[in-house]
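Structure record follows, encoded as structure tokens.
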Amino acid sequence: MEIILKEDVVNLGYKNDIVNVKSGYGRNYLIPTGKAVIASPSAKKMLAEELKQRAHKLEKIKKDAEAAAAKLEGVTLTIATKVSSTGTIFGSVGNIQIAEALAKLGHEIDRKIIVVKDAVKEVGNYKAIVKLHKEVSVEIPFEVVAE
């Protein structure tokens, strides 16, 4: 089933993208929650016209994302957490802790756009990716240390 996304959906696409999804996912979740509409020929024409009108706005959004990426470029984080005697973390370090550490440094980043690829369960050095725009992302190194 072909749909047009009305907002960014993690692991699927960005706003105004035309994507193929399984019928159940589209009809039972995306369309009823207002995250997507069916990609009919008329809806595609409306999307094309809207994209023409919004091209300069999208360019500004991308430039803002690039500016934010430039500010985050040299940032390294140190996250202190409770650790057992073997070096294993109680719980894990995720995007919430990284967002809080960035907020302490003055960078207000939504936790939903921060991706940590591997589960952080031990003390050590790791990397997180901040997806500011569909074409702009920043890799932030962080170190997990014992509290």
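Contact detail for A103 and E108: the closest heavy-atom pair is CB-OE2, 3.7 Å. The two atoms that bring K44 and I4 nearest to each other are N-CD1, 4.1 Å, heavy atoms only. Taking both residues in full, the closest heavy atoms of K121 and S92 are given as NZ-CB, 4.1 Å, listed atom of the first, atom of the second, then distance. Across I79 and A101, no two heavy atoms sit closer than the pair CG1-CB, 4.4 Å. Closest approach of I114 and A128 over heavy atoms only: CG2-CB, 4.3 Å. The heavy-atom pair separating D8 from K15 by the smallest distance is OD1-N, 2.7 Å.
Here the CD1 atom belonging to I38 is positioned 5.5 Å from the CZ atom belonging to R27, to the nearest 0.5 angstrom. Residue E143 holds its CD atom at 10.5 Å from CG of L77, rounded to the nearest 0.5 Å. Of the inter-residue distances, the one linking K22 atom NZ with L30 atom CG reads 13.5 Å to the nearest 0.5 angstrom.
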Show, in sequence, the C-alpha distance, side-chain angles and deciding distance for K131 and V115, and conclude whether the side chain to side chain contact (heavy atoms under 4.5 Å, CB included) test is met. CA-CA 8 Å; K131 295 183 178 181; V115 178; 4.2 Å; yes
Determine, step by step, whether V130 and I140 satisfy the side chain to side chain contact (heavy atoms under 4.5 Å, CB included) criterion, reporting the C-alpha distance in whole Å, the side-chain angles of both residues, the deciding distance to 0.1 Å, and the verdict. CA-CA 7 Å; V130 179; I140 297 179; 3.5 Å; yes
Verdict with reasoning, I113 to L132, per side chain to side chain contact (heavy atoms under 4.5 Å, CB included): CA-CA 7 Å; I113 63 171; L132 297 166; 4.0 Å; yes
Starting from the C-alpha separation in whole Å, work towards a yes-or-no answer on side chain to side chain contact (heavy atoms under 4.5 Å, CB included) for I18 and I3. CA-CA 6 Å; I18 298 175; I3 59 169; over 6 Å; no
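We find that D17 and K134 are joined by a salt bridge, their nearest charged nitrogen and carboxylate oxygen being less than 4.0 Å apart.
Between L12 and V19, some side-chain heavy-atom pair lies under the 4.5 Å cut-off. The closest side-chain heavy-atom distance from K52 to E49 is below 4.5 Å. You'll find the side chain of Y14 stays beyond 4.5 Å of the side chain of L5, heavy atoms only. Contact annotation: the side chain of L72 approaches that of L102 to within less than 4.5 Å [non-hydrogen atoms, C-beta and beyond]. Residues K35 and E7 form a side-chain contact, since some pair of their non-hydrogen atoms from C-beta on lies under 4.5 Å apart. Annotation: side chain of M1 is in contact with side chain of I31 (closest heavy-atom distance under 4.5 Å).
Within the structure, ring pair (Phe, Tyr, Trp, His ring centres under 6.0 Å) pairs that include any residue of residues 70-126 comprise Y126-F142 (at least two apart or interchain).
Counting only distance, with no hydrogens or angles, the side chain of T33 and the backbone of Y29 share a donor-acceptor pair below 3.5 Å. N95 contributes a side-chain N or O that, together with a main-chain N or O of R111, makes up a donor-acceptor pair within less than 3.5 Å. Between the Q97 side chain and the G94 main chain, a donor and an acceptor come within less than 3.5 Å of each other.
Follow the hydrophobic side-chain contacts under 4.5 Å out from V21 and you never reach L47; the two are in separate clusters. In this structure, V37 is not a member of the same hydrophobic cluster as V9, with clusters built from ILVMFWY side-chain heavy atoms closer than 4.5 Å.
Considering K62, H56, R54 as possible partners of L58, the one that fulfils the side chain to side chain contact (heavy atoms under 4.5 Å, CB included) test is R54. A side chain to side chain contact (heavy atoms under 4.5 Å, CB included) with V144 is found for one member of N125, V120, V83 and no other, namely V120.
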